[in-house]
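Note that this is a predicted model, so its numbers are computed, not measured.
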Amino acid sequence: MELLQGKVALITGSAQGLGAGCATAFIRQGARVACIDVNTEGVEKVAAALVAEGGEAIALPCDVAERRQVDAAVAATIEQFGRLDILVNAAMTQRLVPFDLSTEEDLDDAYRSSVLGTYNFMMASFPHLKETAGKVVNFGSAAGTGGEARMATYAASKEAVRGLSKAVAAEWGVHNINVNVVCPTGITPAYEEWAVSVGPKGVTAALKPSFIKRMGDPIHDIGGVVVFLASSLSDYMTGRTLFADGGRGHFR
């Protein structure tokens, strides 16, 4: 049985990495997907690949921090598919830098892409999610829940997303809208670049705290958890955070 058969999902940050992985997982579970990203070429490539796989998908270039663009993307999704059941906020700008070398621009970029983008899409999607008793899955990070060096601005924005998610879950429960958070540890272009820079020994050392000694696959491992949160299997779960991290976050 396809868990998302007949559902329409909008996924931000889906031009690459975990967002693209979620889009693929959703298509394979029967959903129709609106792929959102500021990277026009990347998001069009992902949507085309999903269509080639036999799914229904559209690419909608959008800066998640710009409310007019967000409203237009949601409207285009409704025009194309007629409804909206699932919102996944995976978009994020990330820069690794020691805190004392970070700038207000770093913090602003993290805030606008993550917190403001999540806020904008939740606001714009609310009327449609209310009609479908929809699901919202927002992306947090163990960098925020447990702390990670060189990730202060990123961590701060991700914890803000978790706070936003819990507060909205408390309000939207009366509409049977579920709002949950996933904190993933998966293979992304940023991770692959980092892995090359530190080499095999550095990667092994970084995975030492994990029970499962590998990074998560974007489609199977991370996308699978997000599919669960987007499906009817999680109907009685809201305001919660799931860690898809191979056990790395068990101590947090």
Side-chain angles (χ1 to χ4, degrees), residues 1-15 18-38 43-44 46-64 66-91 117-139 164-165 168-169 171-182 219 223-239:
M1 181 181 68
E2 294 178 331
L3 293 174
L4 303 180
Q5 186 64 45
K7 302 296 185 181
V8 173
L10 187 157
I11 304 176
T12 74
S14 51
L18 303 186
C22 289
T24 303
F26 274 44
I27 286 289
R28 293 177 182 177
Q29 289 295 332
R32 293 172 288 170
V33 177
C35 299
I36 309 292
D37 205 288
V38 71
V43 76
E44 289 179 348
V46 167
L50 298 178
V51 171
E53 191 170 315
E56 292 185 55
I58 58 173
L60 297 172
C62 173
D63 182 343
V64 300
E66 297 295 333
R67 182 58 189 270
R68 288 185 179 180
Q69 294 186 37
V70 170
D71 288 343
V74 172
T77 301
I78 299 301
E79 181 179 359
Q80 176 70 26
F81 297 125
R83 60 186 290 149
L84 179 62
D85 301 275
I86 303 157
L87 170 65
V88 179
N89 285 298
T118 298
Y119 173 92
N120 281 341
F121 267 100
M122 289 176 71
M123 288 287 283
S125 300
F126 176 57
H128 309 290
L129 295 172
K130 195 161 58 168
E131 292 179 359
T132 59
K135 305 273 188 174
V136 179
V137 184
N138 295 329
F139 272 47
L164 173 67
S165 301
V168 177
E171 296 185 23
W172 287 5
V174 296
H175 304 295
N176 292 312
I177 300 173
N178 302 72
V179 183
N180 290 295
V181 176
V182 61
I219 300 172
V225 171
V226 178
V227 164
F228 163 72
L229 291 175
S231 76
S232 62
L233 296 177
S234 63
D235 279 352
Y236 197 55
M237 181 179 177
T238 195

Using every non-hydrogen atom in the two residues, find where [X] and [Y] come nearest and quote the distance to one decimal.
X	Y	value
Val43	Cys35	CG2-O, 3.4 Å
Glu44	Ala59	CA-CB, 3.7 Å
Leu87	Ser125	CD2-OG, 3.9 Å
His128	Ala124	CD2-O, 3.8 Å
Arg83	Val8	O-CG1, 3.3 Å
Leu229	Ser234	O-OG, 2.9 Å

When you compare the side chain of [Y] with that of [X], does any pair of heavy atoms fall below 4.5 Å?
X	Y	answer
His175	Leu129	no
Leu50	Phe26	no
Val88	Phe139	yes
Asn120	Glu66	no
Gln80	Glu56	no
Ile58	Phe81	yes

Query raised in the report: Does the side chain to side chain contact (heavy atoms under 4.5 Å, CB included) test come out yes or no for Trp172 and Thr238, once each step is laid out?
Result: CA-CA 10 Å; Trp172 287 5; Thr238 195; over 6 Å; no
Judged by atom type as modelled, is there a donor-acceptor pair below 3.5 Å linking the side chain of [X] to the main-chain atoms of [Y]?
X	Y	value
Asn178	Asp235	yes
Lys135	Ser231	yes
Thr12	Ala91	yes
Ser14	Ala20	no

query: Can you list the steps and then say if Asn180 with Ser165 is a side chain to side chain contact (heavy atoms under 4.5 Å, CB included)?
result: CA-CA 7 Å; Asn180 290 295; Ser165 301; over 6 Å; no
Evaluate the side chain to side chain contact (heavy atoms under 4.5 Å, CB included) criterion for residues Leu60 and Ile36: first the C-alpha distance (whole Å), next the side-chain angles of each, then the deciding distance (0.1 Å), finally the verdict. CA-CA 5 Å; Leu60 297 172; Ile36 309 292; 3.5 Å; yes
Measuring from [X]:[atom1] to [Y]:[atom2], what's the distance to the nearest 0.5 Å?
X	Y	atom1	atom2	answer
Asp85	Ile177	CG	CD1	11.0 Å
Gln69	Asp63	CD	CG	5.0 Å
Leu233	Leu3	CG	CG	5.5 Å

Notebook entry, point to check: Is the number of heavy atoms from other residues, nucleotides or ligands under 6.0 Å of Phe228 CZ greater than 12?
Noted result: yes
Requested in this report: Go through the steps to decide whether Asn138 and Val179 satisfy the test side chain to side chain contact (heavy atoms under 4.5 Å, CB included), and finish with yes or no.
Outcome: CA-CA 8 Å; Asn138 295 329; Val179 183; 4.1 Å; yes
